[in-house]
Amino acid sequence: MAKLNRIRVVLAERDLNNKWLSDKLGKDPATVSKWVTNTTQPSLEALIAIANALEVPVQELVRQEESNQEK
C-alpha cells in the first residue's frame with residue numbers, strides 16, 4: 001500500500017494548491033512539488049513552516065498509518 005502524502009492531503013482538505021504553499025513559504029514551486037510528490041522530503045525547519053502555514057500540528061504532517069510493527 002502506498003503511503004499518502006500528508007502535505008498533499010492537508011492542501012486538498014483546505015482547497016489549497018502547491019502554488020499557494022510556495023508563495024506562503026517563499027519557496028520555489030518546484031521544491032514544493034517535490035515535497036508533495038514525495039520526491040524529496042522537507043527539512044525540519046521547512047516542515048515546521050509548512051505546518052504553520054497550513055495551521056496544523058507538525059505531527060499531522062508526519063503521522064503514518066498504524067502498522068503491524070513490533071514495539
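Results of the side chain to side chain contact (heavy atoms under 4.5 Å, CB included) test with V10 over L16, L21, L61 single out L61 as the only residue that passes.
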Distance-only criterion, 3.5 Å: show the donor-acceptor pairs between side-chain atoms of residues 45-58 and protein atoms not counting sequence neighbours.
{"residue": "N52", "atom": "ND2", "partner": "I48", "partner atom": "O", "Å": "3.4"}

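Heavy atoms only, all atoms of each residue included: W35 and K27 are closest at CH2-CG, 4.1 Å.
Under the side-chain hydrogen bond (donor to acceptor under 3.5 Å, both in side chains) criterion, T39 pairs with T37, not counting sequence neighbours. Applying the side-chain hydrogen bond (donor to acceptor under 3.5 Å, both in side chains) rule to S33 yields no partners; only residues at least two apart in sequence or on another chain are considered.
Screening residues 14-23 for salt bridge (charged side-chain N to carboxylate O under 4.0 Å, His left out), with sequence neighbours left out, gives K19-D23.
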